[in-house]
There are 2 protein chains.
Amino acid sequence: MIQNLNEHEREKLMASLNKGGQKLTPQREAVFSVLISKRDHPTVDEVFQRARETMPGMSLATVYNCLETFVACGLVRQVNHEREPTRYCPNLAPHAHFRDQATGRVHDIELPPEVLNSLRSILPPGFNSEVIEISFHGQASTTEPPPHA
Amino acid sequence: MIQNLNEHEREKLMASLNKGGQKLTPQREAVFSVLISKRDHPTVDEVFQRARETMPGMSLATVYNCLETFVACGLVRQVNHEREPTRYCPNLAPHAHFRDQATGRVHDIELPPEVLNSLRSILPPGFNSEVIEISFHGQASTTEPPPHA
DNA sequence: CTAATCAGTTGGAATGATTCCAAGTTGCAA
DNA sequence: TTGCAACTTGGAATCATTCCAACTGATTAG
């Protein structure tokens with residue numbers, strides 16, 4: 001079930017939006033709430049379905065717009081696996097993704113700084129990377145997703 | 001310009017196809033030739049355009065089919081960046097990809113075994129990964145793609 | 001208190017990569 | 001030569017995403 005944002009979360013959301021020159025709207029609040037209520041890397045369509053539970057009139061285009069805005073403001077990350085529908089992730093700490101072959105479920109994998117650094121070190125001179133994406137693909141014996149706030 | 005496959009290349013292609021229960025056809029030969037003649041990670045459409053130079057009647061569906069077959073036989077790798085058109089890469093050694101923001105060009109980045117191992121080590125118990133994809137995204141000051149066979 | 005403006009929202013149409021399908025082709029085997 | 005099975009082909013269908021023009025709602029200027 002989707003709760004409303006608490007004070008702290010709403011503040012953080014508004015601050016990030018304002019920093020990017022954007023406003024806090026009811027739709028954006030609803031979409032953001034969906035993302036942090038259940039951090040299971042939902043697709044746009046899943047976000048859409050869940051957001052409609054609290055805001056039945058919302059349109060799919062708005063969900064796309066909101067998510068695009070969040071990405072631009074650095075509030076969430078896009079997660080792509082091959083050409084499957086894009087998923088969204090509110091975990092901003094550096095991490096990799098593991099996609100379970102059997103279920104399609106995506107898990108966050110913590111990425112220690114030294115591993116991140118060893119990765120950066122493989123870039124030859126002249127290559128400057130702002131974004132590194134790491135995704136594993138295989139079988140997870142854990143059936144439950146890792147608990148998240 | 002696209003050459004025909006040399007003896008060694010054709011043998012390798014046929015062996016891999018046969019191992020996967022597939023046959024060597026003129027279309028598959030043409031598509032494979034495109035991939036190894038210019039290892040610049042072409043999209044399906046680019047492969048299609050180039051293949052038509054030597055085999056004007058070939059259809060786009062066939063290019064899709066051939067590439068799918070090659071992937072299944074382990075002859076080439078798919079390279080996806082966000083939701084852009086899938087690219088194809090005949091480099092089978094473990095490597096990462098760097099996508100140049102400005103040009104869209106994709107470069108292979110060598111992946112030393114120790115870095116690959118440090119990556120594997122971040123997976124918690126219960127997660128077994130067959131495939132690891134690593135992609136960088138940023139600016140490359142080198143304008144020319146690295147020379148390849 | 002209006003009017004004007006402007007960002008945001010909406011539904012539906014358009015786009016574009018990919019997949020699907022049914023018909024045609026080819027090479028080999030009985 | 002007939003039959004079969006794999007492969008190829010063109011076009012239609014799919015589906016995530018983007019685009020667009022009209023609508024809404026809040027804020028500012030007169």
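Reminder, nothing fancy here: chain letters follow the sequence lines and each chain counts from 1. No experiment lies behind these values; they were computed from the predicted model shown. Basis for what follows: all heavy atoms, side chains included, without hydrogens, waters or symmetry-related copies.
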Pair A/E84 + A/R99, salt bridge at N-O below 4.0 Å
yes
Could you check whether A/D108 pairs with A/R77 (Lys NZ or Arg NE/NH1/NH2 to Asp/Glu carboxylate O, under 4.0 Å)?
no
Residue met sooner reading DNA chain C from 5', once A/V63 and B/N65 are mapped to nucleotides:
A/V63
Taking only side-chain nitrogens and oxygens of [X], does any of them come within less than 4.0 Å of OP1 or OP2 of [N]?
X: B/Q22; N: D/dC7; value: yes
X: B/R83; N: D/dA16; value: no
X: A/T86; N: D/dT17; value: yes
X: B/T62; N: D/dT9; value: yes
X: B/T43; N: C/dA17; value: no

Tell me if a side-chain donor or acceptor on A/S33 pairs with a main-chain N or O of A/E29 at a distance below 3.5 Å.
no
The answer to which of A/A61 and A/D45 contacts DNA chain D further toward the 5' end, by nearest nucleotide, is A/D45
Comparing B/K23 with B/L60, nearest DNA chain D nucleotide closer to 5' gives the residue B/K23
Does one side chain, of A/H81 or B/N80, offer a donor that lies under 3.5 Å from an acceptor on the other?
no
Candidates [options] - which lies nearest the side chain of [X]:
X: A/P85; options: D/dT9, D/dT17, C/dG8; value: D/dT17
X: B/T25; options: C/dT19, D/dT17, D/dT8; value: D/dT8
X: A/C66; options: C/dT18, D/dT17, C/dT9; value: C/dT9

